[in-house]
Amino acid sequence: MITGTLTQTANAKTFTATISTMLFDITRIAVTPNTYKTADHHPDYQLEIRTPRGRTMRIGSMWKAVSEKSGREYYSLAITDRMGRTWRMNAVRNDETPKGTWQIVPMTGGKTENIALTGQIETLDDDNLAGFIGSYDFDMDFVAVEKPEKADPNHPDYHIEARSPAGVVIRMGSIWKAMSERSGNAYLSIAFSSPTGTQHRANGLHREGAAPGLYEIVPYASGEMAVVA
């Protein structure tokens, strides 16, 4: 749903950022200290871009934060896009992240919404997946890359990837191999974010008579199926 990079500049006081979603790419974001901060909850930084005539325009804010689980420092960002939608995200790093760089990722959590869906998934020769998924207000192609070495049985078997308008690869969801408790048939359990950031669940069903490795995407049926560990 969201990807990007936050990079500290040479003076260590400011940053630059790039952010991509399936709806837009913003490649030149200046992140500067908020000189108007007068309260703890006020943002620590301002996110700015240039208008077509070179004027500075503020499009969002950034706060310093600390993870309650890991104790690591990170940054929390909020931006407003061209359509007036607000996007929330975090800039995080781990031991492998280059010094002075943070990876921009979506905020976790949030409510999963039930919606009408259509779509199809096919199994490729390399055992990865490809397909499309659509609803009333979006229709997108994707690939699902297999993750053969899972650290935990509950981790997904595939990562779903799509592309931004500029061609940046964005992870938009996950797929688990699953088994129906009722019929014993194999199916795919799907969790994904739409281009606007709403979160959804779906199932990929292999219909009787369909070609091998071909799945129809249908809305998620709560309680009907269980993911295979």
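Under a 3.5 Å cut-off, the side chain of His200 and the backbone N or O of Glu113 do form a donor-acceptor pair. A donor-acceptor distance shorter than 3.5 angstrom exists from the side chain of Thr9 to the backbone of Thr14, with no hydrogens or angles considered. A donor-acceptor contact shorter than 3.5 Å is absent between the side chain of Asn128 and the backbone of Val145. A donor-acceptor pair under 3.5 Å is absent between the side-chain atoms of Asn203 and the main chain of Leu205, judged by distance alone. Side chain of Asn11 to main chain of Lys13: a donor-acceptor pair is present (N/O by atom type, distance under 3.5 Å, no hydrogens or angles). Counting only distance, with no hydrogens or angles, the side chain of Thr51 and the backbone of Arg55 share a donor-acceptor pair below 3.5 Å. A donor-acceptor pair under 3.5 Å links the side-chain atoms of Thr123 to the main chain of Gly213, judged by distance alone. A side-chain donor-acceptor contact under 3.5 Å links Ser67 to the backbone of Lys69.
A donor and an acceptor atom, one from each side chain of Arg88 and Ser76, are located under 3.5 Å apart. When only modelled atom types and interatomic distance are considered, Arg201 and Ser189 share a side-chain donor-acceptor pair under 3.5 Å. Thr7 and Thr5 share no side-chain donor-acceptor pair at under 3.5 Å. A donor-acceptor contact closer than 3.5 angstrom is absent between the side chains of Thr97 and Thr101. Between Thr3 and Arg171, the side chains place no donor N or O within less than 3.5 Å of an acceptor N or O (distance only, hydrogens not considered).
Counting heavy atoms from C-beta on, the side chains of Met140 and Pro195 come closer than 4.5 Å. Annotation: side chain of Ile79 is not in contact with side chain of Ile29 (no heavy-atom distance under 4.5 Å). Looking at heavy atoms from C-beta onward, Trp87 lies in side-chain contact with Leu23 at the 4.5 angstrom threshold. Taking the side chain as every heavy atom from C-beta outward, Gln120 and Phe132 approach each other to under 4.5 Å. Side chains of Ile121 and Leu214 form no contact here, defined as non-hydrogen atoms less than 4.5 Å apart. Contact of the Thr118 side chain with the Asp139 side chain is not registered, since no non-hydrogen atoms from C-beta on lie closer than 4.5 Å.
Every residue two or more places apart in sequence or in another chain that forms a side-chain contact (heavy atoms from CB on, under 4.5 Å) with Asn185 is listed here: Ser183. The side-chain contact (heavy atoms from CB on, under 4.5 Å) check on His206 picks up Ala210, Tyr215, with sequence neighbours excluded. Evaluation of the side-chain contact (heavy atoms from CB on, under 4.5 Å) rule for Ser193 yields Met1, Gln199 as partners, not counting sequence neighbours.
Between Asp44 and Lys37 a salt bridge is recorded (basic side-chain N to carboxylate O distance below 4.0 Å). In summary, Arg72 and Asp95 engage in a salt bridge, as defined by a charged side-chain N under 4.0 Å from a carboxylate O. A salt bridge links Arg207 with Glu216: at least one charged nitrogen is closer than 4.0 Å to a carboxylate oxygen.
Between Tyr75 and Trp102, the ring center distance clears the sub-6.0 Å criterion. Taking the six-membered ring for Trp, Tyr187 and Trp176 have ring centres at least 6.0 Å apart. Ring to ring, Tyr45 and Trp63 are not that close: their centroids are 6.0 angstrom or more apart.
Ile2 and Ile170 fall into different hydrophobic clusters, where Ile, Leu, Val, Met, Phe, Trp and Tyr residues are linked whenever their side-chain heavy atoms come under 4.5 Å apart, directly or through other members.
Results of the side-chain contact (heavy atoms from CB on, under 4.5 Å) test with Val31 over Met62, Glu48, Gln46 single out Met62 as the only residue that passes.
Counting heavy atoms of neighbouring residues, nucleotides and ligands inside a 6.0 Å radius, atom CG of Asp40 does not exceed 12 of them.
In this structure, CZ in Arg28 is found 14.5 Å from CD1 in Ile19, a value given to the nearest 0.5 Å.
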